Amino acid sequence: MNAPITQDVLTLPRKLPDSGRVNIVGLTRDQLRDALITAGTPEKQAKMRVGQVWQWVYHWGVRDFAQMSNLAKDYRALLAERFEIVLPEIVTRQISSDGTRKYLVRIAGGHEVETVYIPEEGRGTLCVSSQVGCTLTCSFCHTGTQKLVRNLTAGEIVGQLMLARDDLGEWPQPGTPKDETRLVSNIVLMGMGEPLYNFDAVRDAMKVCMDNEGLSLSRRRITLSTSGVVPEIARTAEEIGCQLAVSFHATTDEVRNVLVPINKRWNIAALLDALRDYPRLSNSERITFEYVMLAGVNDSDADAHRLIELIRGIPAKINLIPFNEWPGAPYKRSSNNRIHAFADIIYKAGYASPIRTPRGEDIMAACGQLKSATERGRKTRAAIAAEAAG
């Protein structure tokens, strides 16, 4: 059984533009092969042509068919007539004092999402969105307060990685020595939306990202975060094969029903059963449990001990996330002492319990804050005042 996608009936989707050409970005190799044959490429040449176009688009970052110099001039003209190479558009870029970059990105139809690049020592992580808005209404997450408008296409998901590489100047230059340093070395599907409610597009986008002849990100460097869409969890291992993170955040159904309302459909027991059966589970491929620390809600010693009992037998690590506060938030961040005491209990039970350092808070780029400052900035003063009063 597939999980249903909850449609937001209050939002009328805008008519998407139709140029009459096929956007290459986001097509899997098989889809690109079929599209090239449909456009007139001889079937015997199709595999070779896919490889050539793929390398130009995803290895070199080329957007103009005229620059694809190893293709005959008439074939380049055919491609330009039938295809396009289109990315989402960066509307604004903010850079935090800690180096985090937040991009407000406009996709087809004028909708907007946010993408965040987090530089760290030895790696750089791109936090990617999979939906415009979200249906999950997790009570601690400001991003989740925005109604679902639509799913992103595979091209719009891949496009977030490509535009980040544009901004960081990361495409290789022909004729220069190969640079093994990767500014974007990791992807986390932790931006706007629930990735498993947009499964097919996320799967196809990650196939493109993991392809060794293009963007070439290892599956071990891609982490998909779900709030617990149980029917799609096994498929994630089988069809995507990336690392799995679970937004857990509570140790009783009573509390998780409030924090993560999808728990009312698939409760903690059902979720943990699915995780124990996860096909890729091993000590080298642990599941990450994400746990946001909320003062007086889920941060007691008793919660820590319950958490250990719940996940017993699952190779796992626990990511403790200090709550990122936003205007009007109903929760407060746990104190540093409380977070460290909680982490210590988990660590002594044999689980890694890193405490995530909040990044990009000064530009509202931290977990759960995405799109909130942008939306707020566009409201009238009266609307903000009415929200505060309500």
Side-chain angles (χ1 to χ4, degrees), residues 16-89 107-108 128 130 151-166 169-180 182 184 187 198-222 235 238-242:
L16 300 183
D18 182 9
S19 68
R21 297 194 297 275
V22 175
N23 187 13
I24 283 175
V25 178
L27 296 182
T28 63
R29 280 186 180 264
D30 288 344
Q31 290 165 347
L32 179 55
R33 179 183 181 277
D34 292 345
L36 291 177
I37 291 170
T38 300
T41 303
E43 208 160 322
K44 286 184 177 177
Q45 296 180 15
K47 185 177 179 183
M48 175 184 72
R49 295 302 187 207
V50 167
Q52 290 170 320
V53 172
W54 193 275
Q55 189 173 50
W56 282 114
V57 174
Y58 295 121
H59 178 74
W60 299 111
V62 165
R63 310 285 151 76
D64 182 354
F65 295 108
Q67 293 178 30
M68 299 183 180
S69 53
N70 61 347
L71 300 175
K73 200 169 182 180
D74 59 346
Y75 192 68
R76 283 181 263 167
L78 169 73
L79 291 175
E81 181 187 338
R82 301 293 294 272
F83 296 93
E84 59 188 5
I85 304 166
V86 177
L87 301 188
E89 168 200 354
I107 58 174
V128 171
S130 57
N151 288 332
L152 269 64
T153 65
E156 289 162 345
I157 296 168
V158 174
Q160 293 172 69
L161 171 56
M162 295 174 74
L163 63 81
R165 295 192 71 181
D166 285 354
E170 200 181 3
W171 298 104
Q173 296 300 314
T176 58
K178 188 175 181 183
D179 185 357
E180 297 292 347
R182 295 295 294 265
V184 182
I187 288 178
N198 187 15
F199 188 94
D200 290 356
V202 167
R203 177 198 59 213
D204 290 351
M206 293 307 104
K207 276 186 184 175
V208 174
C209 291
M210 288 188 266
D211 190 286
N212 286 333
E213 292 179 24
L215 297 167
S216 194
L217 283 174
S218 155
R219 66 176 185 82
R220 284 175 174 258
R221 291 186 171 271
I222 296 174
R235 278 184 78 200
E238 291 155 3
E239 297 182 34
I240 303 176
C242 60

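What you see is a predicted model, and the numbers here were worked out from it, not measured in a lab.
The two residues G26 and A154 make their nearest non-hydrogen contact at O-CB, 3.6 Å. Scanning all heavy atoms of the two residues, the minimum distance from L163 to L87 falls at N-CD1, 4.0 Å. The two residues F65 and F83 come nearest to each other via the heavy atoms CE1-O, 3.4 Å. Taking all atoms of both residues into account, the shortest heavy-atom contact from T28 to K207 is CG2-CD, 4.1 Å. Considering all non-hydrogen atoms of both residues, I107 and P88 come closest at CG2-CB, 4.0 Å. Contact record, L161 with I187: CD2-CD1, 3.9 Å, taken as the closest heavy-atom pair.
Rounding to the nearest 0.5 Å gives a distance of 13.0 Å between OH of Y58 and CD of E213. Rounded to the nearest 0.5 Å, atoms CD (E156) and OG (S130) are 11.5 Å apart. Once rounded to the nearest 0.5 Å, the distance linking CG of N212 with CE of M210 reads 10.5 Å. For the atom pair CE (M206) and CG (L215), the distance works out to 9.5 Å, reported to the nearest 0.5 Å.
Panel note: side chain E239, backbone R203; no donor-acceptor pair is recorded below 3.5 Å. In this structure, E81 contributes its side chain and L78 its backbone to no donor-acceptor pair below 3.5 Å. Of the possible donor and acceptor atoms, none in the side chain of N23 sits under 3.5 Å from a partner among the backbone N and O of G155. In this structure a side-chain-to-backbone donor-acceptor pair under 3.5 Å is present from R76 to A66.
The existence of a salt bridge linking R29 and D204 is excluded, since no basic side-chain nitrogen approaches an acidic carboxylate oxygen closer than 4.0 Å. Taking 4.0 Å as the cut-off between side-chain N and carboxylate O, R49 and E43 do not count as a salt-bridged pair. Of the charged side-chain nitrogens involved, at least one lies within less than 4.0 Å of a carboxylate oxygen, so that R182 and E170 count as a salt-bridged pair.
Heavy-atom contacts from other residues, nucleotides or ligands closer than 6.0 Å to CD of Q45 number more than 12. Counted within 6.0 Å of CD on E238, heavy atoms from surrounding residues, nucleotides or ligands total more than 12; the atom is thus considered enclosed.
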